[in-house]
Trainee: 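Dropping a structure here in structure tokens format, bear with me for questions.
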2 protein chains.
Amino acid sequence: MDRQANGALVPDVTLDRTSPVPLYYQVATRLQQQIEEGDIPVGSRLENEVELADRLGVSRPTMRRAISYLVERGMLVRKRGVGTQVVHPKVRRPVELTSLYDDLLKSGQAPRTEIREFEVRPAPDQIAEALGIPFGAEVTWIERLRFAGDEPLALMHNAVPLDVLRLHREDLERNGLYDLLRGAGHVPRMANQVVGARTASAGEARILDEARGAPLLTMTRTAWDAAGKAVEYGSHLYRASRYSFELNLTS
Amino acid sequence: MDRQANGALVPDVTLDRTSPVPLYYQVATRLQQQIEEGDIPVGSRLENEVELADRLGVSRPTMRRAISYLVERGMLVRKRGVGTQVVHPKVRRPVELTSLYDDLLKSGQAPRTEIREFEVRPAPDQIAEALGIPFGAEVTWIERLRFAGDEPLALMHNAVPLDVLRLHREDLERNGLYDLLRGAGHVPRMANQVVGARTASAGEARILDEARGAPLLTMTRTAWDAAGKAVEYGSHLYRASRYSFELNLTS
DNA sequence: GTCAATGGTTTGTCCTGACATATTTTGTCA
DNA sequence: TGACAAAATATGTCAGGACAAACCATTGAC
């Protein structure tokens, strides 16, 4: 906008054509940086595609692909006949598939996990159905208690089919379940979650250090990998006083 | 796969080049139909892009765009050097931005809404901040009680900035809030939600026909339109015994 | 018999060029 | 001055070609 038309002020051409990183992605990353650093102010219109492509020395399809990438991520809005605008940076990330372990790591709290149960056994019918495996097929069944600092936060039950991953107790003590799944090549890509609430039973209350009847958040989830294979079933209980789900949605 | 190599069995070439509907979209829709009707079985590999493009009489970029569209929707998976596969139809839809009203309509229950409060007033500071409007700016403030059949289901509080939509009580009695927003051209596109749980106070319990101390699901949300303008703030209470959130996530 | 090289298949990236369409601005005429 | 028409500007769509990179299976050597 307020730049010279001759393009003299463009020293930051950091595109590397020998790099294995796709050009369109390099362009998109560069644009994203400029937006996040306020170089391109929120609400302002970008230069048009053709000029941008010219200035960066890429073709228009490549430029369009970079812009499309940011449009999909909710960072830019395009209007035909008008131009491309930077939207409010408040909502950026779409819903991500993460685990509680990841969430805690991100927020800087040290997660600790106590494994209370660990066995291979036939899956209960309800879980077998959720996983889409034959009734009676064997799964690794886990009960874990997760702490944030010294306080218990969640009581988690998981079932992992044996042909997906042969779990070991010591791995689970060091890593989150999702890390292990990813490491085994079964990257969770889709999941169906149901979030509800109920009150704690006496046993649950004791384990979670809550009063009996305290409100708990419940979450049951089935996760699939890219090929559509079910990789995990989970049924978790969270202390409502210490935890809530945050979701960023895009339509 | 089991089709003749000469391509004799392709009577359904229904592409219309004079139509204003983009070619790639026509191709994608056609593919989607064939997948949903089982014409192209789940798990099977598609023909390669070049052949498909040839057979349909479109260029490879157009074919790729059609396939990409379905990949983004989670219907297909591409692997370089391997091919394109139809994924399990169980998880298809990404997270959608809906309201409780829509949810109830879909599940076939008749929703009814009782408006308990309706006024224009300055936004409380916390809500003004969530909406990104100046402190003290006026909003339409609503308290509604939603029923499924005869039973109360949720107690909902909403705030809508005046410059987004001038609400009328009678509109709200007939339509969901999101329909009204969409009708006014402020299509909600992004939202940030926090889902938690707590126990009902005496007053809330009375309104929702629950016992005091019953578990409630809480949800607070801010929604923005495509331009990044905040269009709605909501703080809702659901009876945990009657309602839960279902989410489909994709990474 | 096992492991490494090789070649074919398929998707991924990038280019040039052209035309279509929506929107806003400008210009002209009544 | 007002309304309508034309032009300028921007994104949207589509074609055709070229090369790169990943994957798989087969072949070959040890």
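Just so we're clear, the structure is a prediction, and the values are computed from it rather than from any experiment. Numbered from 1 within each chain, the chains take letters A, B, ... in sequence-line order.
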Trainee: Kindly point out which of C/dC15, C/dT13, C/dT11 is positioned nearest to the side chain of A/Pro22?
Mentor: C/dT13
Trainee: Look at the side chain of A/Val58 and decide which nucleotide, out of D/dT13, C/dC15, C/dT11, has an atom nearest to it.
Mentor: C/dC15
Trainee: Given atom CD of B/Glu51 and atom C1' of C/dG8, what is their separation to the nearest angstrom?
Mentor: 14 Å
Trainee: Just how large is the angle between the end axes of the helix from C/dG1-D/dC30 to C/dA30-D/dT1, five pairs per end, to 10 degrees?
Mentor: 10°
Trainee: Would you mind telling me which residue lines up with the more 5' stretch of DNA chain C, A/Met63 or B/Pro20, judged by nearest nucleotide?
Mentor: A/Met63
Trainee: Distance check needed: D/dC14 C1' versus B/Leu56 CG, whole Å only.
Mentor: 15 Å
Trainee: Check whether any side-chain N or O of B/Thr62 sits under 4.0 Å from OP1 or OP2 of D/dT13, and answer yes or no.
Mentor: no
Trainee: Quick check: on DNA chain D, is the nucleotide nearest A/Val50 upstream (toward 5') of the one nearest A/Pro61, or the reverse? Name the residue that is more 5'.
Mentor: A/Val50
Trainee: Does CZ in A/Phe135 sit with more than 12 non-hydrogen atoms of other residues, nucleotides or ligands closer than 6.0 Å?
Mentor: yes
Trainee: Between D/dC24, C/dT23, D/dG16, spot the one nearest the side chain of A/Val82, thanks.
Mentor: C/dT23
Trainee: For B/Arg169, look at atom CZ and say whether over 12 heavy atoms of other residues, nucleotides or ligands are found less than 6.0 Å away.
Mentor: yes
Trainee: Would you mind reporting whether A/Arg146 and A/His236 have side-chain heavy atoms less than 4.5 Å apart?
Mentor: no
Trainee: Is A/Arg78 salt-bridged to A/Glu49, cutoff N-O under 4.0 Å?
Mentor: yes
Trainee: Distance check needed: C/dT13 C1' versus A/Tyr25 OH, whole Å only.
Mentor: 15 Å
Trainee: Give a yes/no on whether any side-chain N or O of A/Thr84 is located under 4.0 angstrom from OP1 or OP2 of D/dT11.
Mentor: yes
Trainee: Taking only the side-chain heavy atoms of B/Asn48 (C-beta and beyond), determine which of D/dT11, C/dC15, C/dT10 contains the nearest atom.
Mentor: C/dT10
Trainee: If the threshold is 4.0 Å, N to carboxylate O, is there a salt bridge linking B/Arg121 and B/Glu138?
Mentor: no
Trainee: Atom CG of B/Asp54 to atom C1' of D/dA15: distance rounded to whole Å?
Mentor: 13 Å
Trainee: Look at the side chain of B/Arg60 and decide which nucleotide, out of D/dA18, D/dT11, C/dC15, has an atom nearest to it.
Mentor: D/dA18
Trainee: When the distance from CD of A/Glu47 to C1' of D/dT9 is rounded to whole Å, what number comes out?
Mentor: 14 Å
Trainee: Would you mind telling me which of D/dT13, D/dC14, C/dT16 lies closest to the side-chain atoms of B/Arg17?
Mentor: D/dC14
Trainee: Tell me: CZ of A/Arg80 to C1' of D/dT13, nearest whole Å?
Mentor: 8 Å
Trainee: Shortest non-hydrogen contact from A/Ala66 to A/Val27?
Mentor: CB-CG1, 3.6 Å
Trainee: Shortest non-hydrogen contact from B/Arg45 to B/Val82?
Mentor: NE-O, 3.7 Å
Trainee: Rounded to whole angstrom units, what separation is found between the CZ atom of A/Arg64 and the C1' atom of C/dG17?
Mentor: 15 Å
Trainee: Counting side-chain heavy atoms from CB outward, which of D/dT11, C/dT16, D/dC14 is closest to A/Glu49?
Mentor: D/dT11
Trainee: Expressed in angstrom and rounded to an integer, what is the separation of A/Arg45 atom CZ from C/dT23 atom P?
Mentor: 14 Å
Trainee: Looking at B/Arg78, I'd like to know whether one of its side-chain N or O atoms comes within less than 4.0 Å of OP1 or OP2 on C/dG12.
Mentor: yes
Trainee: Is there a side-chain contact between A/Ile142 and A/Leu167, using heavy atoms and a 4.5 Å cut-off?
Mentor: yes
Trainee: Can you find a side chain N or O atom of A/Arg65 that sits less than 4.0 Å from OP1 or OP2 on C/dC14?
Mentor: no
Trainee: Taking the side chain of A/Tyr24 as its heavy atoms from C-beta onward, which of C/dT11, D/dA15, C/dC14 lies nearest to it?
Mentor: C/dC14
